[in-house]
A.B. asks: 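Handing you this structure, nothing more for now.
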Amino acid sequence: MKYDFKKIESKWQKRWEEKRIFEAKENGKKKKFYTLEMYPYPSGTGLHIGHAFNYIIGDILARFKRMQGFNVLHPMGFDSFGLPAENAAIKNKIDPRKFTDDAIKNYIRQLKMLGISYDWSRTLMSHDPEYYKWNQWIFLKLHDKGLAYKKRAVANWCPSCRTVLANEQAQGGICERCKSKVEIKNLEQWFLKITDYAEELLKDIDILDWPERIKTMQRNWIGKSEGAEIAFEINGKERKIFTTRPDTLFGVTFLVMSAQHPDLSGIVVKEREKEVEKFLKKIKSTKQEDLDKLEKEGVFSGSYAIHPITKSRIPVWIGNFVLAEYGSGIVMGVPAHDERDFNFAQKYELPIKIVIRPENEEIQSVVMDEAYTGSGKLINSQGFNGLFSEEAKEHIVKSLEAKKLGNKKTQYKMRDWLISRQRYWGTPIPMIYCSDCGIQGVKEKDLPVKLPEEVKFGIGNPLETNSKFLNAKCPKCGKKGRRETDTMDTFFDSSWYFLRFTDSKNKKKLFDSKNANYWMPVDFYTGGAEHACMHLIYARFFTKVFRDFGMIKIDEPFKRLFNQGMVHGEDGFVMSKSRGNVIDPLTMADKYGADTLRIFLVSMGSPDSDFSWKSAGIEGTNKFVNKLAEYLSKIKIGKSDAKIQSKINKAIKEITLDIENLQYNLALVKIRRLFEYISEKEIGKKELESFVKILSPFMSHFAEEFWEKINGKEFISMSKWPKFDESKIDEKIEKEEKDVEKLISDAVNVMNIVKEKGKKAKKLFVYVLPTEKEGYVSNLSNIAKRTGLEVAIYSVNEKEKYDPENKSKKVKPGRPGIYLE
Ligand code: ANZ
Ligand code: ZN
């Protein structure tokens with residue numbers, strides 16, 4: 001008889017849903033546990049294996065914590081605004097709303113098929129007006145507090161789609177959608193002032209229980225640098241320049257302004273205009289990420305700057321390697337001590353002046369073939385000669401400060417967050433332009449500003465061509481105004497959805513503080529490492545802002561973060577349609593059952609490491625499930641002997657820790673071993689119940705089915721996680737077991753060596769100390785089964801033993817001798 005997983009899995013999915021057992025209720029008396037997986041973008045193709053892996057990892061923990069008596073919140077929602085739905089609308093003339101709703105329905109059906117224990121009553125979707133209304137409310141509040149503002153900034157502009165593109169939509173300077181060349185445009189756009197929180201965002205990284213690698217990426221993204229701002233006069237105007245090396249001030253031989261600098265025209269002299277224009281046409285936009293790879297190029301502007309101390313004339317260049325948005329968008333060129341400046345100076349034959357001397361080396365500009373970037377003693381630096389770099393920095397800045405020509409400065413790489421998108425499928429920014437009153441926020445009672453339903457797709461932002469949407473009364477004077485047509489970056493939606501889950505049906509507020517304070521922070525957050533920066537920084541930013549608004553009491557949203565590994569195809573490569581190595585989780589669940597898929601996915605290795613799919617592996621897992629089912633369906637409950645009790649208690653002890661540490665793979669190895677052992681013995685009711693309970697977080701449907709048979713009362717999903725009894729764990733038995741395992745692995749190793757020599761072993765002779773013999777003998781059948789050999793066990797003092805190589809001579813406690821024939 002085969003285990004009918006189809007019938008049984010759907011039976012329990014239905015019951016869980018009917019009895020709403022996974023719905024969370026606020027309960028101040030119980031300890032809460034909030035576990036969350038990153039909510040997905042509902043794509044047209046449904047769940048992929050990475051999603052399934054992610055949600056199963058979270059679900060095992062959720063189920064385990066529930067059984068441990070925690071009040072568990074485990075919700076799921078949909079990050080349903082975004083480009084793909086809009087592109088589908090343009091390409092296939094499908095309404096993005098319908099496209100999205102259909103995709104979500106499909107996701108929910110698939111998630112239920114995997115047996116994930118979500119509280120579906122709390123589900124949310126970004127594109128639901130009941131959700132994005134609160135995006136608009138948040139925006140207005142940020143605007144009130146000066147944390148949302150509008151300014152001109154450079155952006156990627158696609159001339160044929162007539163929209164701004166995010167950096168990732170404009171890779172290589174090509175529009176992702178229409179493949180035309182992206183231009184750089186200076187546009188008015190909305191920003192959130194995340195830089196106000198830069199220092200706190202940086203500092204609090206230290207307290208997070210997150211993977212080190214992600215923490216490092218966030219530190220780099222925030223990118224704090226300490227240095228100075230130094231004023232240079234260019235054409236009568238004072239320009240402040242950021243440097244981390246004020247000690248090199250006397251080595252400046254040129255300045256370079258960013259090619260995207262908004263005030264470029266202020267430094268280009270008439271005779272150089274043509275040359276400069278030619279240069280600007282040639283280069284692409286400069287982004288932080290490209291800076292290192294970029295071939296450094298520039299053009300002379302024709303202007304000169306005055307050095308703040310020496311008062312010498314310094315040529316001002318325009319370069320492609322200077323970021324417009326960092327510091328003041330101008331850098332001091334110090335070719336002797338900066339690699340980039342050195343290459344630039346060589347290329348354009350600019351002078352190189354050494355001002356820092358390493359302690360034990362001589363460097364000379366004529367023979368220099370690279371910059372000296374280290375610190376050292378100052379030379380050629382007037383009154384500062386002889387000082388070391390570190391003290392020179394202090395002295396030079398102090399002297400500049402006295403003359404009001406400079407000051408200490410902390411600079412961050414992180415920029416304010418540009419949230420404007422000229423797209424339809426996102427949250428409308430709730431602002432209205434009035435010719436008399438300027439920019440006005442929509443009144444709270446008029447929220448949500450809904451997306452119009454009938455729009456023209458294809459050219460530019462559909463909101464711009466929709467007169468019904470565009471025309472709006474000024475909230476202040478009531479005269480005719482024009483509505484803002486920018487929508488919000490979809491990262492806005494995902495920056496607070498975890499808070500909405502704590503009170504997702506609240507019509508009056510975005511959440512009640514009492515609920516949020518009860519559930520937050522998220523205790524365990526799982527998702528892909530690709531969200532190391534944007535999402536995880538924006539969510540931290542919103543949390544701190546809400547705290548400052550008095551809405552919540554926490555500083556950080558996600559206490560512990562976990563990044564699942566990547567599932568690769570059978571061939572070891574990243575899954576892709578073109579390679580034909582894509583594994584569909586639902587096909588697998590259909591073929592082998594959700595429980596088999598669940599345990600297979602987490603037994604391939606530690607869940608945070610990558611692994612390749614193995615068809616033979618899931619087949620093997622499936623066999624294990626069927627064997628378990630057969631065992632449980634025939635079981636007669638009897639009495640457990642001391643050994644079984646020892647084994648079960650030890651397993652509870654260790655598996656509890658393994659799950660706690662997310663080492664599900666180790667837990668499953670132990671479950672398999674335990675099963676092999678108990679399946680050959682009589683077992684008592686209590687021990688059997690504990691065994692099925694241990695299975696429950698992993699094989700949830702299966703466990704319910706057998707729980708019903710042996711216990712029959714409640715759901716196993718709601719039962720108590722077994723406690724272990726330390727006194728039942730017999731260390732002598734456990735040591736024997738360990739020794740036997742070691743023996744088996746030694747024998748297998750020797751067998752492999754023998755095999756390599758082209759021979760085949762049939763018989764295994766084992767020599768042990770007399771006191772240990774009983775232990776090995778009681779495991780004889782296990783040893784024989786696992787090695788596939790005939791086994792004979794001798795005590796070393798036996799006279800009649802077969803020992804042609806005298807292996808019994810070297811036997812030590814716990815270290816038997818072995819001989820193969
Ligand atoms: C002179 C100098 C001499 C510099 C030297 C370095 C070494 P981090 O650590 O990344 O903050 N810089 C300033 N503004 C820039 C911009 N908008 N785009 C590109 N580079 C810029 O680096 C700060 C250093 O990067 C600054 O210190 C400046 O070059 C450059 F031997 O000034 B330095
Ligand atoms: Zn007005």
A.B. asks: Compare all side-chain heavy atoms of F78 with those of T123 and state whether any distance is below 4.5 angstrom.
C.D. replies: yes
A.B. asks: Would you indicate whether the side-chain heavy atoms of K32 and Y518 approach each other to under 4.5 Å?
C.D. replies: yes
A.B. asks: Hey, are the side chains of V754 and V750 touching, using non-hydrogen atoms and a 4.5 Å cut-off?
C.D. replies: yes
A.B. asks: Just do the salt bridge (Lys or Arg N to Asp or Glu O under 4.0 Å) check on K627 and E676 with the steps written out, would you?
C.D. replies: CA-CA 10 Å; K627 255 178 20 196; E676 251 162 51; 5.8 Å; no
A.B. asks: Tell me if a side-chain donor or acceptor on N581 pairs with a main-chain N or O of E570 at a distance below 3.5 Å.
C.D. replies: no
A.B. asks: Assess whether a salt bridge exists between D658 and K670, defined as any Lys/Arg side-chain N lying under 4.0 Å from an Asp/Glu carboxylate O.
C.D. replies: yes
A.B. asks: Going by heavy atoms in the side chains, are F33 and N71 under 4.5 Å from each other?
C.D. replies: no
A.B. asks: Is a salt bridge present between K732 and E737, judged by a nitrogen-to-oxygen distance below 4.0 Å?
C.D. replies: no
A.B. asks: Against the six-membered ring of Y525, is R560 placed for a cation-pi contact (under 6.0 Å from the centre, within 45° of the normal)?
C.D. replies: no
A.B. asks: Against the six-membered ring of F70, is K65 placed for a cation-pi contact (under 6.0 Å from the centre, within 45° of the normal)?
C.D. replies: yes
A.B. asks: E682 side chain to K639 main-chain N or O, any donor-acceptor pair under 3.5 Å?
C.D. replies: yes
A.B. asks: Does the cation-pi check pass for R63 over W16, that is, NZ or CZ under 6.0 Å from the six-membered ring centre and within 45° of its axis?
C.D. replies: yes
A.B. asks: Any donor-acceptor pair under 3.5 Å linking the side chain of D641 with the backbone of I644?
C.D. replies: yes
A.B. asks: I'd like to know if E689 and K693 make a salt bridge, using a cut-off of under 4.0 Å between side-chain N and carboxylate O.
C.D. replies: no
A.B. asks: With a 6.0 Å cut-off on ring centres, are Y3 and F702 close enough?
C.D. replies: yes
A.B. asks: Do E23 and R20 meet the salt-bridge criterion of a basic N to acidic O distance under 4.0 Å?
C.D. replies: yes
A.B. asks: Set out, in order, the CA-CA distance, both residues' side-chain angles and the distance that settles side-chain contact (heavy atoms from CB on, under 4.5 Å) for F558 and F498, then state yes or no.
C.D. replies: CA-CA 9 Å; F558 312 124; F498 46 90; 3.6 Å; yes
A.B. asks: Distance to the ring centre below 6.0 angstrom and angle to the axis at most 45 degrees; does that hold for R579 and F573?
C.D. replies: yes
A.B. asks: Check this for me: does any side-chain nitrogen of one of E687 and K728 sit under 4.0 Å from a carboxylate oxygen of the other?
C.D. replies: no
A.B. asks: Enter the distance from I694:CD1 to L668:CG here, rounded to the nearest 0.5 Å.
C.D. replies: 11.0 Å
A.B. asks: Counting C-beta onward and ignoring hydrogens, is there a side-chain heavy-atom pair between F706 and I710 closer than 4.5 Å?
C.D. replies: no
A.B. asks: Would E734 and K738 pass as an ion pair if we require N to O under 4.0 Å?
C.D. replies: no
A.B. asks: Evaluate salt bridge (Lys or Arg N to Asp or Glu O under 4.0 Å) for R15 paired with E704, printing each intermediate quantity in order.
C.D. replies: CA-CA 10 Å; R15 286 208 194 163; E704 288 287 8; over 6 Å; no
A.B. asks: What closest approach, in Å, do A516 and T502 show between heavy atoms, and which atom pair accounts for it?
C.D. replies: CA-OG1, 3.5 Å
A.B. asks: For the residue pair T596 / N622, report whether a side-chain donor-acceptor contact shorter than 3.5 Å exists.
C.D. replies: yes
A.B. asks: Mind checking whether F600 and Y592 have ring centres under 6.0 Å apart?
C.D. replies: no
A.B. asks: Do Y631 and F675 have ring centres separated by under 6.0 Å?
C.D. replies: yes
A.B. asks: Please answer whether the main-chain N or O of L657 pairs with a side-chain N or O of N661 as donor and acceptor at a distance below 3.5 Å.
C.D. replies: yes
A.B. asks: Regarding Q564 and T526, do their side chains bring together a donor and an acceptor under 3.5 Å, going by distance alone?
C.D. replies: no
A.B. asks: Checking W721 against T656 for the side-chain contact (heavy atoms from CB on, under 4.5 Å) test, could you report, in this order, the C-alpha distance in whole Å, the side-chain angles of both residues, the deciding distance, and whether it holds?
C.D. replies: CA-CA 9 Å; W721 186 252; T656 303; 3.0 Å; yes
A.B. asks: Might you confirm whether atom NZ of K31 has over 12 heavy atoms from other residues, nucleotides or ligands at distances under 6.0 Å?
C.D. replies: no
A.B. asks: Under the 3.5 angstrom rule, does the side chain of N779 hit a backbone N or O of V740 as a donor-acceptor pair?
C.D. replies: no
A.B. asks: May I have the step-by-step check of side-chain contact (heavy atoms from CB on, under 4.5 Å) for Y55 and M76, ending in yes or no?
C.D. replies: CA-CA 10 Å; Y55 309 147; M76 180 42 86; 3.6 Å; yes
A.B. asks: State whether the number of non-hydrogen atoms from other residues, nucleotides or ligands found under 6.0 Å of K801 atom NZ is greater than 12.
C.D. replies: yes
A.B. asks: Under 4.0 Å between a side-chain nitrogen and a carboxylate oxygen: does that hold for E705 and K7?
C.D. replies: no
A.B. asks: Please round to the nearest 0.5 Å and tell me the distance separating atom CG of L73 and atom CE of M520.
C.D. replies: 10.0 Å
A.B. asks: Is it the case that the side chain of D119 and the backbone of H74 share a donor-acceptor pair, with hydrogens and angles ignored and the cut-off at 3.5 Å?
C.D. replies: no
A.B. asks: What about the rings of F22 and Y118, do their centers lie closer together than 6.0 Å?
C.D. replies: no
A.B. asks: Please lay out, stage by stage, how D803 and Y767 fare under the test side-chain contact (heavy atoms from CB on, under 4.5 Å).
C.D. replies: CA-CA 9 Å; D803 185 10; Y767 314 97; 3.6 Å; yes
A.B. asks: Do the non-hydrogen side-chain atoms of I648 and S640 ever get within less than 4.5 Å of each other?
C.D. replies: no
A.B. asks: Can you see whether Y677 has K647 sitting over its ring - NZ or CZ less than 6.0 Å from the centre and within 45° of the normal?
C.D. replies: yes
A.B. asks: Decide, yes or no, whether a salt bridge links K112 with E17 under the criterion of side-chain N to carboxylate O below 4.0 Å.
C.D. replies: yes
A.B. asks: Are the charged groups of D590 and K6 less than 4.0 angstrom apart, N to O?
C.D. replies: yes
A.B. asks: Give a yes-or-no answer on whether the side chains of S117 and D59 include a donor-acceptor pair shorter than 3.5 Å.
C.D. replies: yes
A.B. asks: What pair of heavy atoms forms the shortest contact from M751 to A761, and how long is it?
C.D. replies: CG-CB, 4.4 Å
A.B. asks: Looking only at atom types and distance, does a side-chain atom of R598 sit under 3.5 Å from a main-chain N or O of P697, one as donor and one as acceptor?
C.D. replies: yes
A.B. asks: Side-chain donor-acceptor pair under 3.5 Å between H51 and E37, yes or no?
C.D. replies: no
A.B. asks: To the closest 0.5 Å, what do you measure between CD1 (I8) and CG (D595)?
C.D. replies: 9.5 Å
A.B. asks: Please determine whether a side-chain nitrogen of the Lys or Arg among E798 and K773 lies less than 4.0 Å from a carboxylate oxygen of the Asp or Glu.
C.D. replies: yes
A.B. asks: Would you check if the side chain of E821 reaches a backbone N or O of K762 as a donor-acceptor pair within less than 3.5 Å?
C.D. replies: no
A.B. asks: At what distance, to the nearest 0.5 angstrom, does CZ of R673 lie from CD1 of I671?
C.D. replies: 12.5 Å
A.B. asks: Taking N649 for its side chain and D725 for its backbone only, find out whether a donor-acceptor pair lies under 3.5 Å.
C.D. replies: yes
A.B. asks: Return yes if some donor-acceptor pair links the side-chain N/O of D584 with the main-chain N/O of H48 below 3.5 Å, else return no.
C.D. replies: no
A.B. asks: R122 and F501: which non-hydrogen atoms are nearest, and at how many Å?
C.D. replies: NH1-O, 2.9 Å
A.B. asks: Before accepting this row, confirm whether a basic side-chain N of the pair K643/D730 lies closer than 4.0 Å to the acidic partner's carboxylate O.
C.D. replies: no
A.B. asks: Inspect the contact between K650 and E654 and indicate whether a charged nitrogen and a carboxylate oxygen are less than 4.0 angstrom apart.
C.D. replies: yes
A.B. asks: Nearest 0.5 Å, please: how far is CE in M575 from OG in S612?
C.D. replies: 8.5 Å
A.B. asks: In Å and rounded to the nearest 0.5 Å, what is the CG to OG distance from N797 to S808?
C.D. replies: 9.5 Å
A.B. asks: Ion pair present between K742 and D739, side-chain N to carboxylate O less than 4.0 angstrom?
C.D. replies: no
